[in-house]
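For the single chain, residues carry numbers from 1 onward in sequence order.
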Amino acid sequence: MSIDVVSLRDFPNSTNAIDIAFPVLAYECEVNTLLDSELDAYEEAALKLISIGLSEKGVAKSLKIPESLAKQVLCQLENNKFASKQTGHQWELTEDGRKYLKGIRKQRFSNNGRFGFIFVSAIKKDVLQYFYEGSLGKIARSDSEAAKNKLTLDDGKLPFSGERPKRWKVEQAYKRYLRILELEYEQENNKITIQEAQDVYADYETFDEYEYDEPDNSVTQSVVITEPEYTKKSFVRLLKRPPKDLYLNMRIVISPEKPGGFTVYSPLDLGGIDDEFFQRQIQWIKEYSEPVYFANKKLTDVIDSEVSKLSRQKSVGEKDKSVYILEQLPLLATEKNRYSVMYRDVAEIYGLMCETNLSRFKRESIIGGFSRKLFEALMNKLIHTTGGNNLRLIKDKVLSDINCSGTEKTVSSIAKIAGINCNTLQGDGDIFKKAISKLDGRYGNSVLEKLFNILTVNAYCASVEIKRFIYQDNLDEYIEVVRKINRIRNRASHEAESKITSIDYDFYIEQVFGIANRLLESLKEVSQNGSQK
């Protein structure tokens with residue numbers, strides 16, 4: 001049976017490349033776009049004015065703007081379902097408009113559906129964070145040469161099978177796709193670098209050690225928080241049609257200077273923001289219990305052979321890696337199954353560290369790898385022990401406290417509850433506010449901001465694990481080390497004019513395991529009798 005190989009993206013020029021055809025299941029669906037739930041100053045003022053009965057002309061006069069602009073503002077409110085106007089009648093608030101003025105914010109969806117496809121990885125079964133609008137027939141088909149690059153299972157068996165994806169997974173993937181479009185726009189308009197966009201996207205990945213966030217009712221709340229209104233309306237609907245089997249062109253580039261020895265170009269046209277997500281897919285496939293084949297050879301053997309040809313680094317065996325991790329991160333070694341992805345990442349980074357005469361680029365890769373794949377991943381897990389629903393409530397409460405009492409007083413209170421010297425957090429108000437705005441997500445925050453979020457959650461609604469983190473010794477010193485680590489990480493990844501030195505690198509490596517071990521100790525599982533495992 002012939003299955004199409006299609007191309008959604010043009011790859012940049014690269015040497016030592018392996019082009020492969022990545023199998024996906026394409027599910028036809030209808031999506032409803034999110035309506036804007038935040039108003040600018042003019043829109044909010046206009047909404048308040050029509051709530052007391054002012055006409056279009058009255059709005060213009062009160063805001064001291066031309067009537068044409070007032071009409072434009074009111075039409076925008078109508079488009080976003082906050083206001084409405086019937087012929088011959090005045091403007092009126094809708095139910096959503098009344099709720100907005102009462103301070104109730106919720107996700108809202110348009111009534112205009114768009115049809116297209118979401119893709120599911122045929123081997124790992126992840127829902128890809130992408131939506132293709134329209135017919136698949138519009139996508140360019142690849143030539144017959146690309147058909148030789150298809151990934152298959154043993155004896156040429158095709159990987160297309162499995163249950164329909166769960167609704168929440170599809171909705172989560174589509175929400176993230178909308179955010180990725182924003183990242184792509186910001187990157188294209190030079191508001192952020194491609195590295196910064198990739199860093200934000202990296203936290204979207206949900207691997208085996210990350211669980212879907214359900215409301216956690218087991219946490220004892222230290223503050224009374226009112227549950228906000230929440231809509232469960234679905235805005236992604238899979239049509240009752242069987243999925244289409246499809247292959248997407250993607251590219252593996254052999255890069256011995258990177259942890260793992262290769263990088264991946266995503267098959268999706270998102271400007272490369274999601275390249276690392278597909279690198280994870282290939283890493284997982286390499287270790288899949290059932291061998292995956294490429295051009296009649298095991299994909300693992302093909303990649304390892306190409307890396308070996310180009311690599312000059314010292315060969316590090318799996319036994320050496322396991323001994324090193326056991327010495328430096330004993331809890332990660334003993335809970336290898338719980339942290340399988342993280343364990344593999346650390347092993348690959350250690351393999352790169354063993355090379356003699358490390359170049360600046362490789363040092364930066366090591367620092368970036370440990371920051372994203374060890375520190376930030378562990379901090380995400382620690383923060384989310386409180387439960388995603390509780391985090392949303394905490395964020396609203398903290399922002400309300402900042403509005404009422406000011407940032408300095410709120411941060412001082414958070415420090416006091418954690419037993420921290422107030423001078424340790426002096427001048428960090430702006431960073432705290434930025435961190436809190438993303439408290440209920442896993443994305444966009446630096447390791448320092450994630451640490452501040454842990455302190456914040458401790459003050460408002462701490463889980464057992466977060467309390468365990470706080471009560472360990474020398475928290476003030478720990479914060480200062482993380483602050484220095486964060487500065488080095490920023491120089492390694494974002495500041496082109498201020499690259500890291502060998503002194504920076506040595507300091508980072510000296511501190512990396514102490515930071516991680518405190519987090520791992522906090523995340524130790526607790527048995528039913530209360531003892532730690």
Side-chain angles (χ1 to χ4, degrees), residues 3-24 119-126 128-130 140 142-154 156 158-159 194-195 198 201-202 205 207 246-288 290-313 315 341 344-345 347-349 351-352 361-362 365 368-369 372-373:
I3 300 175
D4 285 338
V5 180
V6 301
S7 296
L8 292 171
R9 175 186 180 187
D10 293 326
F11 300 122
N13 292 330
S14 52
T15 56
N16 308 314
I18 304 171
D19 287 324
I20 69 171
F22 186 80
V24 297
F119 301 132
V120 175
S121 166
I123 298 177
K124 194 171 185 293
K125 310 305 180 188
D126 286 336
L128 305 186
Q129 290 150 166
Y130 188 77
S142 296
D143 55 31
S144 58
E145 191 66 25
K148 300 177 183 177
N149 300 334
K150 293 178 179 178
L151 295 184
T152 60
L153 301 181
D154 199 9
L158 297 176
I194 181 64
Q195 180 65 60
Q198 289 173 335
Y201 182 91
E205 300 173 45
F207 303 118
L246 204 63
Y247 277 93
L248 305 179
N249 263 333
M250 68 183 296
R251 176 171 290 180
I252 298 173
V253 179
I254 306 303
S255 305
E257 71 278 6
K258 289 286 189 179
F262 66 93
T263 58
V264 171
Y265 286 139
S266 158
L268 306 177
D269 57 338
L270 295 173
I273 293 173
D274 58 336
D275 285 347
E276 185 161 325
F277 174 84
F278 284 92
Q279 177 156 353
R280 293 288 199 180
Q281 292 282 322
I282 297 300
Q283 287 171 330
W284 186 89
I285 287 171
K286 283 185 66 184
E287 298 181 13
Y288 187 45
E290 186 174 355
V292 176
Y293 288 82
F294 166 78
N296 299 320
K297 297 179 181 179
K298 290 181 182 178
L299 180 64
T300 296
D301 293 343
V302 172
I303 294 175
D304 289 348
S305 174
E306 294 301 315
V307 172
S308 179
K309 287 178 188 176
L310 294 175
S311 178
R312 296 184 222 168
Q313 69 188 59
S315 177
V341 172
R344 184 183 64 214
D345 287 339
E348 290 182 346
I349 294 168
L352 185 58
F361 182 79
K362 290 180 181 179
S365 292
R372 285 163 59 178
K373 298 173 181 178

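- In terms of heavy-atom proximity, V264 sits nearest to Q279 at CG2-CA, 3.6 Å.
- For S7, the side-chain contact (heavy atoms from CB on, under 4.5 Å) test picks out S142, N249, with sequence neighbours left out.
- Closest approach of I282 to I252, counting heavy atoms only: CG2-CD1, 4.0 Å.
- Salt bridge status for E276 with R372: present, with a side-chain N to carboxylate O gap under 4.0 Å.
- Side-chain contact between V292 and L153: present, with at least one pair of heavy atoms (C-beta onward) separated by less than 4.5 Å.
- When atom types are taken as modelled, the side chain of S266 and the backbone of G272 share no donor-acceptor pair closer than 3.5 angstrom.
- A 4.5 Å side-chain heavy-atom check between E348 and Q283 finds at least one atom pair inside the cut-off.
- Summarising the local packing, NZ of K125 is surrounded by more than 12 heavy atoms from other residues, nucleotides or ligands at distances under 6.0 Å.
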>> Checking V341 against R280 for the side-chain contact (heavy atoms from CB on, under 4.5 Å) test, could you report, in this order, the C-alpha distance in whole Å, the side-chain angles of both residues, the deciding distance, and whether it holds?
In response: CA-CA 9 Å; V341 172; R280 293 288 199 180; 3.2 Å; yes

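- Across every non-hydrogen atom of G369 and I349, the tightest pair is C-CD1, 3.5 Å.
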> Given the rule in the side-chain contact (heavy atoms from CB on, under 4.5 Å) test, do I285 and F294 qualify, once you have shown the distances and angles that lead to the verdict?
Replying inline: CA-CA 11 Å; I285 287 171; F294 166 78; over 6 Å; no

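- Using a 4.5 Å cut-off on side-chain heavy atoms (C-beta onward), Y130 and D274 make no contact.
- Although no hydrogens or angles enter the test, the distance criterion places a donor-acceptor pair under 3.5 Å between the side chain of K150 and the main chain of I3.
- One finds the CZ atom of F277 at 4.5 Å from the CG atom of D126 (value rounded to the nearest 0.5 Å).
- The two residues G261 and V307 have their closest heavy-atom pair at O-CG2, 3.4 Å.
- Salt-bridge formation is detected for the pair D275/R9: a Lys NZ or Arg NE/NH1/NH2 atom is positioned less than 4.0 Å from an Asp or Glu carboxylate oxygen.
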Report all side-chain donor-acceptor pairs from residues 10-19 shorter than 3.5 Å, counting only partners two or more places apart or in another chain.
residue : atom : partner : partner atom : Å
S14     : OG   : R251    : NH1          : 3.2
D19     : OD1  : R251    : NE           : 2.6
D19     : OD1  : R251    : NH2          : 3.3
D19     : OD2  : R251    : NH2          : 3.3

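- N149 has its side chain out of reach of V5: every pair of non-hydrogen atoms, C-beta onward, lies at least 4.5 Å apart.
- With contacts defined as side-chain heavy-atom distances shorter than 4.5 Å, the pair K298/Y293 qualifies.
- Contacts of P23 classified as side-chain contact (heavy atoms from CB on, under 4.5 Å), with partners at least two apart in sequence or in another chain: A122, I123, L151, P159, F160, Y247.
- Across all their heavy atoms, F262 and I303 have their closest contact at CD2-CG2, 3.8 Å.
- Taking 4.5 Å as the limit, some side-chain heavy atom of V6 sits within range of a side-chain heavy atom of L248.
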